[in-house]
> 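I am attaching a structure below and will ask some questions about it afterwards.
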2 protein chains.
Amino acid sequence: MPRTLPKHATAEDMKYVQDTLYVISGKWKMMIILAICAGNNRFKEIQRAIPDITPRMLSKELKELEQNKLVVRKVYDESPVLIEYGTTPYCKSFGAIIHEMIRWGKEHRKIIKR
Amino acid sequence: MPRTLPKHATAEDMKYVQDTLYVISGKWKMMIILAICAGNNRFKEIQRAIPDITPRMLSKELKELEQNKLVVRKVYDESPVLIEYGTTPYCKSFGAIIHEMIRWGKEHRKIIKR
DNA sequence: TCTACCGGTATACAACAGTATACCGGTTAC
DNA sequence: GTAACCGGTATACTGTTGTATACCGGTAGA
């Protein structure tokens, strides 16, 4: 893993970075993913797991996550119909970034505090 | 580098992630950092290097980057006074995340396109 | 029948991020 | 003196993001 800034990052590279940022931007997206990973798979479960989120935001963010294939929405055609959200294997590829962010954020707080 | 999502990420961890996201959020921050890395160290140089940025935004983003110690503002007391922006060694610790984002964004575009 | 849960949607609004446009005082080059 | 560059600031606006609050039809249990 390189520890220097890319000196020759192209405009193309920047687009990729912006894409990645776009996909995870949004106040609740990360929390939603983690809530699902923690076993909250139904709409109301996720809502309860994330105290202050409104159903409107949850609905909206879930749709975006689904479009970006980080989350799948499964409909079980029982009665009453059961809906479950799950993370995709692809979503797990996100792990590296999340861990890097935790590490960097931790470090950052130390740096800023002095 | 772990390739799975953190199953037991704490609320604390989430704060760090949000912090990291906060520091690099902003439409122009990444481009500003890369522009400086590419050798554009003066205000107007950076402005010319990033075609559509307004001086207001450049000023604002530079201040935030300075507060977060990713960028330093050096004043050379010649006449006329010369001001130079530079990235900090700390800023380079960001490299890992940028590279991860480029990699992931590239991958993501493939995934989404099919 | 009444209440409560499910998976959401509708409408209106507030807050924040970003843009457009003009301008500032100081310095140097013609 | 006047034009152009430097490093920005001021004001007003637009656009996007997130919030608040209420509500929907369908199902299940008492």
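Hydrogens, waters and symmetry mates play no part in the numbers below; they use all other heavy atoms, side chains included. Just so it is clear: chains get the letters A, B, ... in the order the sequence lines come, proteins before strands, and each one is counted from 1.
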> Which is the 5'-most and which the 3'-most nucleotide of DNA chain D that has an atom under 4.0 Å from a heavy atom of chain B?
D:dC6 to D:dA12
> Does any donor atom in the side chain of A:H108 or B:D19 lie under 3.5 Å from an acceptor atom in the other side chain?
no
> What's the NZ-C1' distance between A:K27 and C:dA14, to the nearest Å?
12 Å
> When all nucleic acid strands are considered with a 4.0 Å heavy-atom cut-off, which category describes B:K44: base, sugar-phosphate, or nothing?
base
> Taking B:E64's backbone N and O only, do any of them form a donor-acceptor pair with B:N68's side chain (distance below 3.5 Å, no angle check)?
yes
> Checking the side chain of A:E66 only, and the main-chain atoms of A:L62 only, is there a donor and an acceptor separated by less than 3.5 Å?
no
> Roughly how many Å is it from CE in B:M31 to P in C:dG18, rounded to a whole number?
11 Å
> By nearest nucleotide on DNA chain D, pick out whichever of A:G26 and B:I83 is the more 5' one.
B:I83
> Is B:K106 reaching over with its side chain to a backbone N or O of B:I102, donor-acceptor style, under 3.5 angstrom?
no
> Return yes if some donor-acceptor pair links the side-chain N/O of B:N41 with the main-chain N/O of B:Y85 below 3.5 Å, else return no.
yes
> Checking the side chain of A:T20 only, and the main-chain atoms of B:W104 only, is there a donor and an acceptor separated by less than 3.5 Å?
no
> Check DNA chain D against residues 50-74 of chain B and give the residues with a non-hydrogen atom under 4.0 Å, in numerical order.
B:P55, B:R56, B:S59, B:K63, B:R73
> Closer than 3.5 angstrom, by distance alone: can the side chain of B:T88 be matched with the main-chain N or O of B:K69 as a donor-acceptor pair?
yes
> Roughly how far, to the nearest 0.5 Å, is CH2 of A:W28 from CD1 of A:I50?
7.0 Å
